[in-house]
4 protein chains.
Amino acid sequence: MSTTQYREGAKLAIVGAGAVGSSLAYAALIRGVARRVVLYDVNGPKVRAEALDLAHGGQFLPEAVIEGSDDVAITRGSDVVVVTAGAKQKPGQTRMDLAGSTVALMQKVIPPLVEHSPDATFIMVTNPVDVTTQAALKISGLPSNRLFGSGTVLDSSRLRQLIATTCDVAVGNVHAYVCGEHGDTETPLWSTATIGGVPLTEWERTTGRLGQAERDAIAHRVVNAAYEVIEGKGATNYAIGLAATRIIESVLRDERRVLPVSRMLAGWHGISGVCMAVPTVVGRDGAGTQLELPVSDDELAQLRASAEHIRAMSEGLGF
Amino acid sequence: MSTTQYREGAKLAIVGAGAVGSSLAYAALIRGVARRVVLYDVNGPKVRAEALDLAHGGQFLPEAVIEGSDDVAITRGSDVVVVTAGAKQKPGQTRMDLAGSTVALMQKVIPPLVEHSPDATFIMVTNPVDVTTQAALKISGLPSNRLFGSGTVLDSSRLRQLIATTCDVAVGNVHAYVCGEHGDTETPLWSTATIGGVPLTEWERTTGRLGQAERDAIAHRVVNAAYEVIEGKGATNYAIGLAATRIIESVLRDERRVLPVSRMLAGWHGISGVCMAVPTVVGRDGAGTQLELPVSDDELAQLRASAEHIRAMSEGLGF
Amino acid sequence: MSTTQYREGAKLAIVGAGAVGSSLAYAALIRGVARRVVLYDVNGPKVRAEALDLAHGGQFLPEAVIEGSDDVAITRGSDVVVVTAGAKQKPGQTRMDLAGSTVALMQKVIPPLVEHSPDATFIMVTNPVDVTTQAALKISGLPSNRLFGSGTVLDSSRLRQLIATTCDVAVGNVHAYVCGEHGDTETPLWSTATIGGVPLTEWERTTGRLGQAERDAIAHRVVNAAYEVIEGKGATNYAIGLAATRIIESVLRDERRVLPVSRMLAGWHGISGVCMAVPTVVGRDGAGTQLELPVSDDELAQLRASAEHIRAMSEGLGF
Amino acid sequence: MSTTQYREGAKLAIVGAGAVGSSLAYAALIRGVARRVVLYDVNGPKVRAEALDLAHGGQFLPEAVIEGSDDVAITRGSDVVVVTAGAKQKPGQTRMDLAGSTVALMQKVIPPLVEHSPDATFIMVTNPVDVTTQAALKISGLPSNRLFGSGTVLDSSRLRQLIATTCDVAVGNVHAYVCGEHGDTETPLWSTATIGGVPLTEWERTTGRLGQAERDAIAHRVVNAAYEVIEGKGATNYAIGLAATRIIESVLRDERRVLPVSRMLAGWHGISGVCMAVPTVVGRDGAGTQLELPVSDDELAQLRASAEHIRAMSEGLGF
């Protein structure tokens, strides 16, 4: 019976127990997102150790069961499956080669996950996220709302954080999206960005901050933020863990939040047939309505270029 | 020493232990807003009983001390003082008569509160909130950032809730303000209202919802929401308790949130010298920057009328 | 499908929109206990106004749907049903007469609630809670784990709060139960009460506080706490709202917390066939294992007297 | 002025930006423990990258400022300083050699930290935590309540988690301490361990679980838990991050929680002059009252041996 199922609470499966997967599990447990959290990774000793380390903090967490295994059966009956596993870059390998290895990995990983959780919503975090999402969607055979990627939820958070600091307001009051590819061609949408109802393009008039040069500098930092972090610590894991947790919450609690997730587009400003981040209503049905916010001519041109970049890359990999 | 003071935690004083004051205390305690919460009311048995009832739930709350007294000295050294106490309406009394009684009450209540907490930020919740704020500001002798009213924070929440339900998205993604008087002349600012970057005035085009007629119906419900609630239960207390808690949090945690509080205007779209709600950055310095969001000609006309209404009422009461 | 059901989130029905029911709804919404909260009361305008006032605070709450109605159908398919509705005391009516009216009310109220939510867990809050629970359990025809009362969860919180204040430690570290009737015959179980592993009966030795006289004074205040609050404000609602919220959380999240709920006893220290509060593991199956903590001879004598008092009262009412 | 200081919020400094320090920062930020969190580490690029990665998640966190630097001045004016930095184990180095390197590191690290935050409470997390705490206390010249170690807060959480799983109750209802050295000589105090008032030594009688053999197996797993995790993932960081966050909360919010922190003993069951974990009331004054919970003869013998082990090791290092 459904009622009994409910009372056992939501089950969240995290695939990949590396820095991203385990940080994401940590954030999700602290925020009490799910009643059961399982980690699945091919490295058995590692995944069991991560689960154990997390479980040891149980006294300080909302009640939850946490388990780790190298057997995919542990994911059975999940409500949400998040994929963070990727191929490791080999010396001399190009980004396209790496993308190829990752997509090949998805062909092994995705089918058994879908088999064990046919009703789950799937969230892809593995990079390059748009291409990986596009491939995984096809591999899975799922309807497009049920599998989507973390897209530019993190990039938008980075943009908002920088704007908030510059303008000295709460980050929660900065409304601004980065859309397009989660990568070098991504586009901050300044034309619709606002704080407290004030368009950011007019912010300079009142406060003398956030003029064109400052906006350009912020955009540059957002696009290069990942490189900046990776140079210092070798990876990014904390912010992406929080971004993914927010997406998971929106699905499990059916919050219907607007999030720029990477989803199969169908006529968004004329773009179709490619997985790319645009503002999307995310709830229990996964990626719902795609919001067609107004964009400037320049922004649209960049977004179209971003779409073509993803499309070319996907086609190059056979998807 | 300041460090020692900090560690004792923030002190919140709530003046008036009626339905609004005690519901506000309940919400503030559940959310862990302050380490010490004191209730002050002229009715000693009532205020002690409310504090006791709240304290009895201590096991289920973040650690806090809660006390109630009919001696104003209990408010000494507060970081934030919230005023919810008002005059009771007598049979046959007009709204203007009632406002007069309330302002007369402030002349008794405000000076000892300021004396006991000279460094506090004061938040007025008592209705009619704009007129009461204007009078209390003058009575207190405080700089205008340090005393302001709850304004249309609640009305904006009502507007957002109705829009969210209509459009089936999270209320957290609806960005829309009601500004002006907290009362019959208040103005929903549709021209800057957005969801996920999409202007609400264009929402109809994509979704078929939220056309002019539906927006008018929503605006009508917002303005009349208080009457609707009062008719059924005799008062409003829960939503205003939450709205006030949000304002308090923004001050105590220096969040710098944008909130439409009632504050002394200085050249906002040409309006000055009157306390009225406009989007304001609220932080440890109280009511900071007033954000001059763009408004349509109609909206500006209504806001000016609202300002004149408050000004006339204040002058009629000698403030 | 069960998964779909889950994603719609838990549904909580609160029966009775008086001070207790609406405060409970407020606390439950602030803590994000359920995705849907419905209020049901015979007074239509009142229950709709309470729901509206709560819904107006939506911007400041975890995402939830809140509705009120005088039609019992609104409770359909709830996961938890909390009953706070009771008979009103008439002038000259004895407590036994009042209990009779309340039990008569249950005969009307319980069957349609069970019919609309046959799989729900039922939590009785209406006083006298033990007798009402015993009657409602029989009326409902439910297995005894699926219907129980709030018992002395609140009384135990009051005891812990007073001990914490006296000993200057966090209330969360005071482990002490009040058991038996939620009423005049209730018994604080000092013999098993501890702080940080130190028996409270030995606390005096180390700290000079909490000697026999002080313990007696605390016990007296706990038993009379409700009278103290009612004298000042006419009712108790905030602490009971929090206590009930904690019980609901334990059921909906299957937390398996130990709570002194009023449940049908089966051989607890030799007591059977009566609903009375003893430490119980509360989870998705409702009231589970009854924990037989050691009790002193005096405590056992008092608990048996308490059981006989409830039994006599129940039998007097025909249950 | 103290009030102004308060409103700027609490400042938390974390020394060491390795896996423990950065996980701790992540947990503290998600839980909203402090308004300002600074990371300090000698590796500049690493510490700035960790702070940046954390800051990028700002949109999903309670409002906070996060910064990282290799300049100790960034810690100036902190309310709490947590030390996670330690010496790296070199090939062939014994545990005693490693402890010597760590203590030598403290002689460089502690004095400038105390100079920059003379009023802070210091929490040592670096292992071997008892010896490091004892050395750091002497180096710092602080009163003993103001510098203490994380002790067996984590070990106690591990013990409680295993008991909770075995007995199928909420971990929050398991009251059990591991005391003594955070290491091989640590002692689970079964004689005072309880669930819902039931002594765990009597749990077997009612439920058939948790007999002597099962208790021994649990104790063995607790003592070896760190080895188990380190073998699989090379370090422990998540649970210790949560344990430290709980201690920090208790100080910053003056919660007065009972926590088994490693603190200078003064006549605890006759043990003095050594830093070792016993249940302690932790609040704004740091490590307060040491609770002398009853212990069995066996437990006392083990605790004394643990104390002598720490004493010998400290003396061997000159403290």
Side-chain angles (χ1 to χ4, degrees), chain C residues 156 164-165 167-179 188-203 205-207 209 246 249-251 253-261 267-269 278-285 288-296 299, chain D residues 156 164-165 167-179 188-203 205-207 209 246 249-251 253-261 267-269 278-285 288-296 299:
Chain C
S156 298
T165 304
C167 300
D168 203 12
V169 300
V171 64
N173 288 107
V174 179
H175 308 300
Y177 294 104
V178 174
C179 286
L189 301 182
W190 290 105
S191 70
T192 43
T194 59
I195 293 177
V198 180
L200 289 196
T201 48
E202 293 185 26
W203 194 262
R205 181 177 57 80
T206 354
T207 67
R209 298 302 304 267
R246 166 62 57 91
E249 284 172 343
S250 201
V251 174
R253 299 181 185 157
D254 191 23
E255 295 186 335
R256 310 190 70 71
R257 283 183 177 273
V258 179
L259 295 165
V261 294
W268 188 85
H269 283 294
V278 306
T280 298
V281 180
V282 177
R284 69 165 177 268
D285 297 324
T289 310
Q290 54 184 32
L291 295 184
E292 205 174 63
L293 79 180
V295 289
S296 71
E299 289 167 354
Chain D
S156 298
T165 305
C167 300
D168 203 13
V169 300
V171 64
N173 288 107
V174 179
H175 307 301
Y177 294 104
V178 174
C179 286
L189 300 183
W190 290 106
S191 70
T192 44
T194 59
I195 294 177
V198 181
L200 289 195
T201 49
E202 293 185 25
W203 194 261
R205 181 177 57 80
T206 353
T207 67
R209 300 300 306 267
R246 166 62 57 90
E249 285 172 343
S250 201
V251 174
R253 299 181 184 158
D254 190 23
E255 295 186 337
R256 310 190 71 70
R257 282 184 178 272
V258 178
L259 296 166
V261 294
W268 188 85
H269 282 294
V278 305
T280 298
V281 180
V282 177
R284 68 165 175 268
D285 297 324
T289 310
Q290 53 183 33
L291 295 184
E292 204 175 62
L293 79 179
V295 289
S296 72
E299 289 166 353

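Convention: sequence-line order gives letters A, B, ...; per-chain numbering from 1.
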Is it the side chain or the backbone of C/Val281 that comes within 4.5 Å of chain D heavy atoms, both, or neither?
-> side chain
Where on C/Ile195 is there a heavy atom nearer than 4.5 Å to chain D: the side chain, the backbone, both, or neither?
-> both
Side-chain contact, heavy-atom cut-off 4.5 Å: D/Glu292 with C/Arg205?
-> yes
Highest number of heavy-atom pairs under 4.5 Å with chain D among C/Thr289, C/Thr280, C/Leu293 belongs to C/Leu293
For [X] and [Y], which heavy atoms make the closest approach, and how far apart are they?
X	Y	value
D/Leu291	C/Gly196	CD1-CA, 4.1 Å
D/Arg256	C/Asp168	NE-O, 2.8 Å
D/Gly197	C/Pro294	O-CD, 3.4 Å
D/Glu255	C/Ala170	O-CB, 3.0 Å

